[in-house]
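Below is one structure, written out as structure tokens; comments come after it.
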Amino acid sequence: MSALYADTTRLERLIRELAPAYGPAGQEEQIRSLIRKHVEPLADEVNVDRLGNLMALVRGSGGPGARRVLIAAHMDEIGLMVTHIDEKGFLRFAPVGGHGPATLLGQRVVFADGTVGTIGAERLDDIKDLKLDRLFIDIGAADREEAARRTPVGSTAAFIQEVVGTGSRLIGKAMDDRVGCAVLVEVMHQLRAHPSIHDVYCVFSVQEEVGARGARTAGYAISPDLALAVDVTATGDTPNGERLNMTLGGGTAIKVKDNSLIAHPWVRQLLVDTAAAAGIPYQMEVLPYGGTDAGAIHLTKSGVPAGAVSIPTRYLHTPSEMIDLQDVVATADLLIAVLQQSLATGPA
Ligand code: CO
Ligand code: ZN
């Protein structure tokens, strides 16, 4: 199994840079400017729309079979929004995206301005009582006034975690979906080196974790002939885990369905045929829950043929999401291989 196109070293460097950055849904300014720095030299056009989506166009050479292709990865991550501050300065919070209470306890978090805190719990008689509303963020404030000054109600915190790992398996927060963002940047590098006939719109979307909100307006604005989301998916390969087909290191996961999308049969087949022909390791993804940007995009205007390529990830929505770099490479390779083809046979 060797990389066809993607630069593994650059992908790893991108993941290590992008994953630790701050960017909970609705607060994407910092991560957006970081990604913008990478895509600006690679794109023919860069736009930020009114919701905050970063859209980078790499223009194709055109010709028969040339289409408008949208590839989306979300730059937002899950977070915690301050809802209430008590007289001693402890912060109660609402989840921004999906969180499990057990994984929150003891975690370190950071706010947009760099204020840090840790997550504590009330005294519990039973571990079953461990619910989000029994947890609080402690920023070490002396009282309500200090806490309200530093982290007023409405402030949003994200996990603090560097990416760690030596070999091919990397652990970090917000692999969902900074690993997808890294893939998009790598695809843009490869499009520069090996131009495609298609106009490729790389969308780094906002607010996916609260319901693929950014992808909806981006999909409408671009109105592509083909849309692909690049996101993470769950695996079934941990002890007594879920019964899922996807495994870490099993290759890129070609989505059949999740709760937001049934992949267009033409798109799914295009991905399968391309992976098979190019010798790219792949596995089929059926996820009985969850969704991606493709779910929002495929319902825009009169409908968009859409699918997704997913990076299998263990411990999703925890501060220690684990990915395998070889799956990331396979995902980038599959996208590149698709973009090297005429899409004249599609339903578009
Ligand atoms: Co997510
Ligand atoms: Zn995601």
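In listed order, ligands and their atoms are each counted from 1. Every value quoted in this text rests on a predicted model; they were computed, and no experiment measured them.
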R10 side chain to H189 side chain, donor-acceptor N/O pair below 3.5 angstrom: yes

Test side-chain hydrogen bond (donor to acceptor under 3.5 Å, both in side chains) applied to E40 and H38, R36, K37, the passing residue: R36

Side-chain donor-acceptor contact under 3.5 Å, H198 with D225: no

Residues R314, D237: salt bridge by 4.0 Å N-O rule: yes

Carboxylate-amine/guanidinium contact E45 R59, below 4.0 Å: yes

Output field: ring centroids F159/H99 closer than 6.0 Å: yes

Interatomic distance, R68 atom CZ to S223 atom OG [nearest 0.5 angstrom]: 6.5 Å

Salt bridge present between R149 and E145 (N-O < 4.0 angstrom): no

If only protein N, O or S atoms under 2.8 Å count, total around the Co ion (ligand 1): 4

Protein N, O or S atoms lying under 2.8 Å from the Zn ion (ligand 2), listed by chain and number: H74 NE2, D176 OD1, D231 OD1, D231 OD2

Carboxylate-amine/guanidinium proximity below 4.0 Å for D44 and R192: yes

